[in-house]
Structure formats: C-alpha cells, structure tokens
Amino acid sequence: MKEMNIRALSTAHSLTVFWEKQPEDSGAYSVSVNGGERLSCKSTHCQLDALLPETAYTVTVFCGDAPLGRLTARTQKPRRRLNVRSFGAKGDGKSMDRAALQAAIDACTEADEVYLPAGVYLTGALKMHSHMALYLDEGAVLQGSCETADYLPRIPSRFEGVEQECYSSVLNLGELDHRAGSNCRDVLIYGKGKIASGGQPLASAFIAQETERLREYLAENAALVATCQRPDTIPGRVRPRLINLSNCENVRISGLTLENGASWNVHMIYSRGIVTDHCVFRSEGVWNGDGWDPDSSEDCTLFACRFYTGDDAVAIKSGKNPEGNLINRPTRRIRIFDCFSDFGHGIVIGSEMSGGVEDVKIWDCDLGKAMQGFEIKATSKRGGFVRNVQLIDCTVARVLMHAVPYNNDGVPAPTQPVIENCRFDRVRILGRSLDHDHITTVCPAIELEGFEQPGHEIRSVEFHDCVLAEGNRGVYLSRCEKIVFDNLKNE
C-alpha cells in the first residue's frame, strides 16, 4: 500500500484525510476507520468528524476493492479559547480592534486558540507566531481597514519575483530570509468566518501614495516604466497581501472566505507544508487579485476551494531574473485538487519562474469558467524551468504555454526558459477564452509556443484520452518537439 501518498490533518474532534490520484485510479474511493464500515468518498479527500480528542485512529483508503494505503493519525488536545472580546475587541465594524487582536495573539500559547465570535473586527496588520491557532466563528469577519497607515510597518517581502519592502498584510507569519529555512511553524487558521481587506480602493490608495513618494525616480526612469505592464506597476509592488507567509512550515488555512486583498490573497514565500482547504477566494475587480500563490515553496497543497478572482486563481512562482536565478529556490511538489474556478485566469505557472518549478500535480479541478484555464507563462529573459507537470480528470477553458511580453524588466538570464515533461490525462478542453467583461472568445483549445533559442522549444508534452469541446479552434504548435496526442477526441 502507498502510505506515502496519504496524509491526515487533525483538530481535537476531526481528521481531514487526503491522498494523491493516479491516472489508473477508477475514482471509486472509500475509507474505513479502525477497520469499520467503509464510507464512500466523491473525491480524494474526506472529513471524519465527531471524534474523540487525543485519540489515535487508523484510517484505510480503498480504490474500488483494493486498499490504496493506511495511516494512523491522532486527534489533538482541545485548545483553550482566548475570546478576543475579553481583550477589549468590540467587533462592531467601527472601532479599531487591532491592539486588542494583537494582544490576544501575543498571549496565545500552544495550548490556546484566538477565538473571534460573530462580529466585524476592524484591524490593520497583525503579526502571528509559531504554535498557535486562530478560529473565526460563523459570522465573524476579520476586516482590514482602508487606511494605508494601518499596514505599517513595511516588512521584507517579495512581489512579482523581486525582494523588496512591502506594506504588512492583514495576517503576517514569519520573517523573510531566502538563505534560511522556516522561522514560523505549526499554525492553524480556520473556522467558518471571513478574512477580508479593502480590495481595489485600498490598492489604489497604496499606489497613489507610492507614486508620489517615487515621483522623481519614475520621472528619471521613464524608459523602464514604459516597459512595464501598466504605468503604476512599480508603485503597485508595495501593496500588502491578505495573508503573507514568509519562511513558514506546517501552516493550515481551512474553512474560511478569503476576500479582497489589496493584491494577492494568500502568498507563501520560501515556505513548506502549507495546506489550504475548503476556502472560498473572492477578489473580482482587484488588479493582481490572485488567490493562492506558492512562491519558491515546497510541499504545498490546495483542495476543495472555490475561486472568484480578479487575476490568477493559483499562480505558482519562483522569482524573477536576475534575482530569482541567483536565489535559485525552486517551487516543488505542489498538489491541487477538487477546486473550482468561476472567474479569474485559472491555474497558472509563472510568469516569475526563474528559480524553477517542478513536480506539480492537479486533478479533479473544474477550470472551465476561468479566463484561461491552465497556463504556463514566462518571458525570454527568465531562464529557469518548468517540468514534470500533470493534470488528471480536469475541465479547463484552454491549455496555454507561451511567452508573455509584460513584467519583462530585469537583466536577462544566460539562457531562455525550459518547459518540458507535461502530461494531461482525461482532460476536457473547451477552447474558450474569457475577458474581464465576461465576454467569451473561441480560441485554440491547445496552444504551445516555445522559445526561439535552440534547445528551448517546449518539449515532451503528452495528451492521453483528452477531449476537445465542440466549436474549439483546434491545436496550435510552434517551436515544439516530442508532442504526443494519444486518443485525442473532438466532441
């Protein structure tokens, strides 16, 4: 049995069990606990509730009648709740609760969890620490303010592949250091509530403020500004995220609505073991409103989440030339499954991928309503690589691998990027592209366009038992080699 592919996450009264899908799996999964009656599972995860705390449970996962794997996991000891109202938080949506919330966080030990009952808790930036939990009850909203001063101090961070000082996020975990491992670990952020910020109005306020601060620099570097995607690209890079995780390990974000960060919503940098599950991401209308961005990070898992984003639902990154090539920290072992994208670009690798991206596996995801679907993008300057990517049993708007002209400043890497070894099994591809006004355009279902430098063609991409939806514009290949179509069908 493949025990390495099965994991369990625990609270005091529940276990969340999940496992990897293989192309040969029938999809008929079931789970037994302590050898008892099997429970059927619709996907590669299940929730076991009403368990006893501090108790070991043996869970066996079956695919059909064959045992897939077994593990023994232990539920946690119940945590003592630190109600933020006892620290002076009002939760009325008008009073600034930042100091009270931070006091509760600072007081939280490994045996506690900070507890937010129903209410709207207005805050600025908060700093979390290792070995703690934060629980938002149903009706609880942790609401970031619309005042830029509430997100001070600026902290070392990374945005669009470049390390720089940015404003603090609503929740901040860890200290950025690309030369080191984790310095914040074992954190649980969960519940039934919402973490939100000011969205595009707050983003615009940061950009206006930073544009004024950099007025002379921007005027003196007009040629550089002209190469950017937008005139406010450079000042926009200081915007905070909703949740920022730097050099973190073993962090779980579960059950929450994550809404309207001033840029990306969940951003993990130089981190490992980050799990996000059963969350809803909303950021439509926010420029750079990404949902979930693993950046030079490893062993990160996303499942059972829904996305309504203004940009990429998921953006897998690893730095930008030349800094990303020098830091050279790849993003590895990313697992994404049972996710749905109602709007936004879908699941994207790049364009900041100079440190490399490898071993990405995606299954049972519906990206048919995304603007792009599945995309690998870079620029000819990036260097680096994307390799060993697999999609199984997904629906996507399109499959796109190509160079993009934007976010292209920086000293070029010695060689162009390498994109190779990608596999698609039983993927339905619509051949549709959606714009920000929700207008649909028919496009090639599969579009692969490699780089001009010899040896940097897109190579070794396989499509097995995939289906192209009716009305698509077919397949477009340029500068590619070793592309395999095995039983490609048109509806």
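This structure is a prediction, so every number in the text was calculated from the model and none was measured.
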Enclosure of Glu491 CD (heavy-atom neighbours >12, cutoff 6.0 Å):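 For Glu491, atom CD is crowded (more than 12 foreign heavy atoms under 6.0 Å).
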
Lys361 atom NZ, neighbour heavy-atom count above 12 within 6.0 Å: yes

From CA spacing to verdict: side-chain contact (heavy atoms from CB on, under 4.5 Å), Val59, Val31: CA-CA 7 Å; Val59 179; Val31 168; 3.4 Å; yes

Hydrogens and angles aside, do [X] and [Y] bring a side-chain donor and acceptor to less than 3.5 Å of each other?
{"X": "Arg272", "Y": "Asn250", "result": "no"}
{"X": "Thr72", "Y": "Thr58", "result": "yes"}
{"X": "Ser283", "Y": "Asn260", "result": "no"}
{"X": "Asp186", "Y": "Ser130", "result": "no"}
{"X": "His464", "Y": "Asn487", "result": "no"}
{"X": "Thr44", "Y": "Trp19", "result": "no"}
{"X": "Glu375", "Y": "His402", "result": "yes"}
{"X": "His267", "Y": "Asp293", "result": "no"}
{"X": "Arg38", "Y": "Ser32", "result": "no"}

If you take all heavy atoms of [X] and [Y], which pair is closest and at what distance?
{"X": "Pro330", "Y": "Glu298", "value": "O-CG, 4.4 Å"}
{"X": "Leu448", "Y": "Cys480", "value": "O-SG, 3.4 Å"}
{"X": "Ile6", "Y": "Leu68", "value": "CD1-C, 4.2 Å"}
{"X": "Pro156", "Y": "Leu176", "value": "O-CB, 3.6 Å"}
{"X": "Leu51", "Y": "Leu48", "value": "CD1-O, 3.6 Å"}
{"X": "Ala196", "Y": "Leu242", "value": "C-CD1, 3.7 Å"}

Ring pair (Phe, Tyr, Trp, His ring centres under 6.0 Å) partners of residues 305-331, not counting sequence neighbours, each pair once: Phe281-Phe307

Any donor-acceptor pair under 3.5 Å from [X] side chain to [Y] backbone:
{"X": "Glu457", "Y": "Gly455", "value": "yes"}
{"X": "Ser30", "Y": "Ser40", "value": "no"}
{"X": "Asp435", "Y": "Ile439", "value": "yes"}
{"X": "Thr75", "Y": "Ser10", "value": "no"}
{"X": "Ser297", "Y": "Pro294", "value": "no"}
{"X": "Arg241", "Y": "Ser168", "value": "no"}
{"X": "Asn265", "Y": "Asp290", "value": "yes"}

Working for side chain to side chain donor-acceptor pair (under 3.5 Å), residues Arg382 and Ser351: CA-CA 8 Å; Arg382 289 284 189 264; Ser351 65; 3.1 Å; yes

Run through [options] and flag the one making a side chain to side chain contact (heavy atoms under 4.5 Å, CB included) with [X].
{"X": "Ile419", "options": "Ile458, Val357, Val461", "value": "Ile458"}
{"X": "Phe374", "options": "Val348, Ile349, Val427", "value": "Ile349"}
{"X": "Ile336", "options": "Asp364, Leu391, Leu302, Thr301", "value": "Leu302"}

Arg237 to Phe159 six-membered ring, cation-pi geometry met (6.0 Å, 45°):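 No, a cation-pi geometry is absent between Arg237 and Phe159.
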
Test of ring centre spacing under 6.0 Å for Tyr190 and His278: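 That pair fails the under 6.0 Å test.
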
Between Tyr29 and Phe62, ring centroids under 6.0 Å: no

With Asp295, the salt bridge (charged side-chain N to carboxylate O under 4.0 Å, His left out) member among Lys317, Arg158, Lys320: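 Exactly one option meets the salt bridge (charged side-chain N to carboxylate O under 4.0 Å, His left out) with Asp295, and it is Arg158.
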
Result of checking Arg387, Arg335, Arg332 against Asp359 for salt bridge (charged side-chain N to carboxylate O under 4.0 Å, His left out): Arg335

Can you check whether [X] reaches [Y] side chain to side chain, under 4.5 Å on heavy atoms?
{"X": "Glu165", "Y": "Val238", "answer": "no"}
{"X": "Asn472", "Y": "Leu430", "answer": "no"}
{"X": "Ser26", "Y": "Cys63", "answer": "yes"}
{"X": "Glu481", "Y": "Ile483", "answer": "no"}
{"X": "Lys489", "Y": "Leu468", "answer": "no"}

Worked verdict on Thr16 versus Gln47 for side chain to side chain donor-acceptor pair (under 3.5 Å): CA-CA 5 Å; Thr16 302; Gln47 181 84 9; 2.6 Å; yes

Salt bridge flag under 4.0 Å for residues Glu358 and Arg333: no

Check ion pair Lys21-Asp393 (N to O, under 4.0 angstrom):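 Salt bridge between Lys21 and Asp393, a charged N being under 4.0 Å from a carboxylate O: yes.
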
Whether Phe303 and Phe337 hold their rings parallel, tilted or perpendicular, with breakpoints at 30° and 60°: parallel

Identified side chain to side chain donor-acceptor pair (under 3.5 Å) counterpart of Asn407 within the set Glu352, Gln229, Lys381: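 Of the listed options, the one satisfying the test is Glu352.
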
Qualifying side-chain hydrogen bond (donor to acceptor under 3.5 Å, both in side chains) pairs, either residue in residues 169-184, two or more places apart: Lys127-Glu175, Glu163-His178, Asp177-Arg179, Ser182-Arg185, Ser182-Glu249

Pair Asp338-His45, side chain to side chain donor-acceptor pair (under 3.5 Å): steps then yes or no: CA-CA 9 Å; Asp338 197 23; His45 61 93; 2.6 Å; yes

Residues Asn490, Glu470; criterion side chain to side chain donor-acceptor pair (under 3.5 Å); working and verdict: CA-CA 7 Å; Asn490 281 285; Glu470 184 179 359; over 6 Å; no

